[in-house]
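Report on one structure; see the data block that follows.
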Amino acid sequence: MIKLKKYIKENIKEKLKNEYPIEPSMLEITYTPQLKMGDLALTFPFQLSKKMNRKPRDLALEVIPFLSSLEGVEKINVAGPGYINIFLNRKKFFSRQLQSLNKSSLVPEEEKIIIEHTNINPNKAAHIGHLRNAVLGDTLGQCLKYKGEKVEIQNYIDDTGVQVVDVAFGFMDMEKKSLEDIKKIKGKFDYYCWDLYTRVFSFLEKNPQAEKRRSEILKQIEEGNNPEAEIASYISNRILKAHLRTMQRIGISYDILPRESSIIGLKFWKKAFYLLKEKKAIYLVNDGMNKGCWVMKLEKEDEKEKIIVRSDRTVTYVGKDIAYQLWKFGLLEKDFYYEPLFKENGKTIWITTHTPNTHSLQFGKGSLVYNVIDTRQSYLQKIVVQGLKSLKYLVQAQKSIHFSYEMVALSQKSLKELNLTISDEDKERNFLEVSGRKGLGVKADDLIDRLEEKALSEVNKRNPELASEQKAEIAHKIACGALRYFMLKFARNSIIVFDFEDALSFEGETGPYLQYTLVRINSIFRNLKEREGFDEKTIFTLISSNEISLDVLSESELVDFWDIVFHASQFEEEILHSIRSLEFSHLAKFSFNLCQKFNAYYHKYSILSEKNIGIKNIRILTIYYIQEVLKCVFSLMGIPQPERM
RNA sequence: GCGCCCGUAGCUCAGCUGGAUAGAGCGUCUGACUACGAAUCAGAAGGUCGCAGGUUCGAAUCCUGUCGGGCGUACCA
């Protein structure tokens with residue numbers, strides 16, 4: 001479709017350029033609201049009419065003779081006040097689509113793209129907000145890979161931040177536990193810390209004097225080689241593994257896990273600090289509130305200073321983030337050491353370390369960087385970009401993209417279901433922000449567990465004869481599909497007010513609806529094979545024989561055939577559009593719509609029982625085409641494809 | 001105060017760099033399993049696109065103002 005549009009556009013430009021003052025931007029090809037009007041539409045007569053001071057409809061009529069003999073175009077006519085509508089040759093179009101299946105027509109544009117996502121503080125269990133982040137980031141990565149880009153997925157581990165300190169403080173000072181005691185804790189460690197963290201938070205609120213001890217621990221951790229650092233490192237490592245397991249459940253993985261401790265240990269910040277000072281991007285404040293701090297000013301926002309280095313000479317998170325961002329572009333002249341963390345499906349996941357070793361690998365050095373971080377951190381992301389700009393890395397600043405999205409919040413109803421108590425003031429709100437500190441949130445594993453449980457009971461109803469392992473596997477795939485579609489169906493600027501009923505639904509606009517569509521198609525092909533020996537080979541010969549004739553179809557079936565095929569053929573445009581706007585709800589809605597069209601088609605037209613071979617073959621090719629398109633978009637969205645369900 | 005985001009059907013949301021009659025899902029009501037799997041489908045009801053201006057041949061979409069809501073504006077991340 002992309003190629004076809006390009007062809008038409010260039011041809012028309014060529015044919016009209018001598019007669020009319022036409023500009024390339026006028027030749028955007030759009031879709032008609034209804035296929036009976038035509039397949040593609042041109043609106044340039046409206047723009048031309050202004051320039052030439054003539055009626056758009058007259059211009060359109062006049063132009064049409066110039067447009068004849070376009071390859072693949074059946075006819076062209078004028079509609080309404082001056083639209084030029086193009087009707088494609090359906091047979092040619094369809095067989096071309098079938099032949100170009102699995103051949104991407106998208107072209108890569110970057111040397112290497114880095115995506116940073118997930119980034120969960122390793123001090124408590126992952127929650128639904130983290131799931132949104134990871135699903136968006138992963139989907140972006142899959143789409144870019146489809147486009148042919150070289151993609152590296154990074155998951156930044158803030159293992160030395162205050163959040164980990166808080167939990168270390170809880171273990172050491174509140175629970176009086178040694179490292180050995182902590183190691184003995186059985187069961188879900190991330191859940192244990194979830195509860196401990198909320199207790200620490202309320203303890204600190206009531207005992208402000210403990211603040212001193214807390215900053216002591218922070219310093220010890222940064223220095224290393226002491227019990228505090230050992231405990232913190234144990235906590236973050238164990239929780240990190242829990243997070244990775246959770247993400248594995250929904251099919252999300254990473255290439256490299258950069259650790260903050262490595263950034264500190266390898267003095268990345270020292271280097272960045274030197275650069276920033278040298279270019280006068282930051283300066284020391286001599287008096288006033290920020291006395292003794294190194295600060296940065298944000299462009300356009302006067303009077304506002306962002307502290308990068310605190311008066312006690314420790315660096316803030318943003319400072320480290322600037323250093324990290326510089327490293328991502330290969331601008332720091334420093335590199336991490338890497339060690340394998342574990343293997344996943346034959347692929348090694350690497351983690352950074354500051355201890356030298358012999359592994360020689362190359363990460364970073366991207367030409368484009370996406371940071372998937374929620375919109376509340378826009379200000380900090382701006383500071384990071386500002387840092388690059390101040391260092392005169394203008395290209396890199398422009399290629400630092402904050403993929404922002406709104407938070408996942410909790411509905412009052414879901415709070416009640418979780419038995420969470422909240423203040424009277426909060427009870428007035430429509431929704432409540434997830435808060436790790438207050439322990440307000442739905443843990444990712446809990447949600448996935450509930451989805452799997454529900455899916456399993458549905459599978460049991462429908463396929464009681466299957467082996468229990470098989471049922472569990474199907475239930476898992478359904479749970480994953482439901483969750484991932486749920487996270488993608490909302491536009492990224494829309495706050496998801498989490499509701500269990502919506503999230504656990506398997507009907508209507510949901511992941512399982514999409515999966516069910518594919519299962520139906522599988523079922524048809526399974527039957528075709530069992531009953532008639534009709535397999536993939538038969539389809540390939542059918543496609544390459546080029547003996548399909550659409551003439552056998554009735555008029556109304558031709559309409560339905562064309563509606564579904566034409567819609568499906570737009571999938572690559574949708575992928576591109578989703579990447580450009582970072583709006584994967586487009587891809588989600590597109591897939592859902594295609595499934596709706598298929599399900600309607602399915603009810604209307606039978607395949608196995610069709611006697612007319614010509615009609616039957618077209619129907620088979622049609623659903624084969626839909627199947628291939630669906631498989632492609634599902635895999636980009638990470639929606640698993642069970643054979644049956 | 002300043003910055004960013006949101007306001008579309010009873011509810012939850014789509015609606016592209018402006019394009020033809022504003023769409024889904026849920027819920028409500030009416031139908032369809034002796035059928036390639038009903039996790040489905042067909043149909044009905046439901047809208048002054050927050051409000052007011054402006055730009056345009058054309059505005060849910062762009063601009064300005066305004067009202068309502070959310071988030072950010074930490075020597076937390």
Side-chain angles (χ1 to χ4, degrees), chain A residues 25 28 30 32-34 37 41 43 45-47 49-50 55-56 79-83 85 119 121 158 161-163 166 289-293 295 298 300-301 303-304 306-312 314 316-318 320-321 373-380 382 404 406-407 409 429-431 433 437 455 458-459 461-463 478 489-491 493-497 499 501-502 505-510 512-513 515-517 519-528 531 573-574 577-578 580-581 583 585-586 588-589 592-593 596 599-600 602-610 619 623 644-645:
Chain A
S25 65
E28 271 322 306
T30 62
T32 58
Q34 283 179 21
M37 299 173 177
T43 56
F46 295 102
Q47 283 115 305
S49 82
K50 201 179 163 189
K55 282 187 183 167
Y83 294 97
N85 292 345
N119 298 10
N121 277 313
D158 187 3
V162 287
Q163 315 240 14
D166 285 341
M289 260 175 30
N290 297 336
K291 187 178 173 187
C293 299
V295 302
L298 204 54
K300 290 184 205 166
E301 283 177 54
E303 308 298 321
K304 230 176 224 174
K306 175 66 197 172
I307 290 163
I308 307 295
V309 180
R310 304 182 186 103
S311 54
D312 67 358
T314 57
T316 58
Y317 175 80
V318 212
K320 287 177 263 191
D321 216 15
I373 312 181
D374 78 74
T375 182
R376 288 169 293 187
Q377 302 206 38
S378 298
Y379 178 64
L380 294 178
K382 253 186 174 173
S404 76
E406 265 293 354
M407 61 180 166
R429 291 165 167 269
N430 290 328
F431 56 80
E433 197 172 336
R437 293 180 166 189
E458 297 291 327
V459 173
K461 267 189 239 164
R462 284 158 238 252
N463 299 292
I478 293 170
K489 73 192 241 189
F490 301 94
N493 274 329
S494 163
I495 296 174
I496 299 180
V497 181
D499 182 86
E501 205 182 310
D502 295 343
S505 167
F506 292 167
E507 282 163 25
E509 197 197 338
T510 65
Y513 176 95
Q515 292 170 314
Y516 185 64
T517 309
V519 163
R520 277 180 149 169
I521 299 178
N522 290 339
S523 183
I524 295 171
F525 282 113
R526 204 169 42 238
N527 283 320
L528 274 173
R531 296 183 200 173
E573 280 183 298
E574 291 294 335
H577 183 218
S578 295
R580 289 199 175 136
S581 56
E583 200 59 272
S585 55
H586 288 317
K589 300 276 173 187
F592 173 65
N593 283 334
Q596 274 187 314
N599 282 320
Y602 174 90
H603 272 266
K604 219 164 159 184
Y605 302 105
S606 158
I607 287 156
L608 291 177
S609 63
E610 177 56 47
R619 290 183 187 168
I623 68 161
R644 52 180 75 200
M645 63 191 270

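None of these values were measured; they are calculated from a predicted model. Proteins come first, then strands; the chains are lettered A, B, ... in the order of their sequence lines, and each starts at number 1.
Among the heavy atoms of the strands lying under 4.0 Å from A/R437 is at least one base atom, whether or not backbone atoms are also near. Among the heavy atoms of the strands, none lies under 4.0 Å from A/L528. Looking at heavy-atom distances under 4.0 Å, A/E28 makes no contact with the nucleic acid at all. A/I495 comes within contact range of the sugar-phosphate backbone alone, with a heavy-atom separation under 4.0 Å but no base atom that close. At a threshold of 4.0 angstrom between heavy atoms, the contacts of A/V309 with the nucleic acid are absent. Across all strands, A/N121 comes closer than 4.0 Å only to sugar-phosphate atoms, never to a base (heavy-atom distances). Within the nucleic acid shown, A/R462 comes within 4.0 Å of at least one base atom, counting heavy atoms only. In this structure, A/S378 reaches neither bases nor backbone, as no heavy-atom distance under 4.0 Å exists between it and the strands shown. At a threshold of 4.0 angstrom between heavy atoms, the contacts of A/P56 with the nucleic acid are absent. A/T30 comes within 4.0 angstrom of nothing in the nucleic acid, heavy atoms only. At a threshold of 4.0 angstrom between heavy atoms, the contacts of A/A409 with the nucleic acid are absent. A/K461 comes within 4.0 angstrom of no nucleic acid atom, judged by non-hydrogen atoms across all strands.
Between A/T32 and A/Y83 the shortest side-chain heavy-atom distance does not fall below 4.5 Å. Side-chain contact between A/Q163 and A/D158: absent, with no pair of heavy atoms (C-beta onward) separated by less than 4.5 Å. Between A/K306 and A/K382 the shortest side-chain heavy-atom distance does not fall below 4.5 Å.
Residues A/N290 and A/R531 each lie close to RNA chain B; by heavy-atom proximity, the contact nearer the 5' end of the strand is made by A/R531. When the nearest nucleotides of RNA chain B are assigned to A/N463 and A/V318 by heavy-atom distance, the more 5′-ward of the two goes with A/N463.
You'll find that the side chain of A/H586 is closest to B/G15, out of B/C36, B/A77, B/G15. Minimum atom distance to the side chain of A/M407 is reached by B/G70, of the listed B/G70, B/A24, B/C57. Taking the side chain of A/E458 as heavy atoms from C-beta on, and the options B/G19, B/A20, B/A39, the nearest nucleotide is B/A39. Among the nucleotides B/C75, B/A14, B/C36, the one closest to any side-chain atom of A/S494 is B/A14. The nucleotide whose nearest atom lies closest to any side-chain atom of A/N599 is, among B/G15, B/A39, B/C41, B/C41. Distances were taken from every side-chain heavy atom of A/V459 (C-beta onward) to each of B/C5, B/A39, B/A20; the shortest belongs to B/A39. Nearest nucleotide to the side chain of A/N527, out of B/C13, B/A39, B/C36: B/C36. Closest approach to the A/M37 side chain among B/A20, B/A77, B/A39 is made by B/A20 (side chain taken as heavy atoms from C-beta onward). When distances run from any side-chain atom of A/S523 to the nucleotides B/U21, B/C6, B/C36, the shortest one goes to B/C36. If you check B/C36, B/G72, B/A77 against the side chain of A/Y602, the one that comes closest is B/C36.
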Practice problem: For nucleotides 26-32 of chain B, just jot down a letter per nucleotide in 5' to 3' order: B, S or -, based on protein non-hydrogen atoms under 4.0 Å. | Solution: S------
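Taking side-chain N and O atoms only, A/R429 has a distance below 4.0 Å to OP1 or OP2 of B/C71. Note on A/Y317: every side-chain N or O is 4.0 Å or more away from OP1 and OP2 of B/A77. Residue A/Q596 places none of its side-chain N or O atoms closer than 4.0 Å to OP1 or OP2 of B/U40. For B/A38, the OP1/OP2 oxygens have a side-chain nitrogen or oxygen of A/R520 closer than 4.0 Å. Regarding contacts with the backbone of B/G37, every side-chain N or O of A/Y513 stays at 4.0 angstrom or more from both OP1 and OP2.
Side chain of A/D374 to backbone of A/M407: no donor-acceptor contact under 3.5 angstrom is found.
Contact of A/N85 with B/A20 (side chain to base): a donor-acceptor pair of N or O atoms is detected under 3.5 Å. A donor N or O paired with an acceptor N or O is found under 3.5 Å between the base of B/C16 and the side-chain atoms of A/H577.
When both pairing distances are held under 3.5 Å, B/G47 makes no Watson-Crick or G-U pair with any nucleotide shown. Summarising the base pairing, B/G7 is matched to B/C67 through a Watson-Crick or G-U wobble pair whose two defining distances lie under 3.5 Å. Base pairing of B/U61: no nucleotide in any strand meets the Watson-Crick or G-U wobble criterion (both distances under 3.5 Å). Across all strands shown, B/U12 pairs with B/A24; the Watson-Crick or G-U wobble distances both stay below 3.5 Å. Pairing partner, B/G37: none, since no Watson-Crick or wobble contact has both distances short of 3.5 Å.
In this structure, A/N493 places its CG atom where more than 12 heavy-atom neighbours from other residues, nucleotides or ligands lie under 6.0 Å away.
By the stacking rule of 5.5 Å between ring centres and under 30° between planes, A/Y83 stacks on the base of B/A20.
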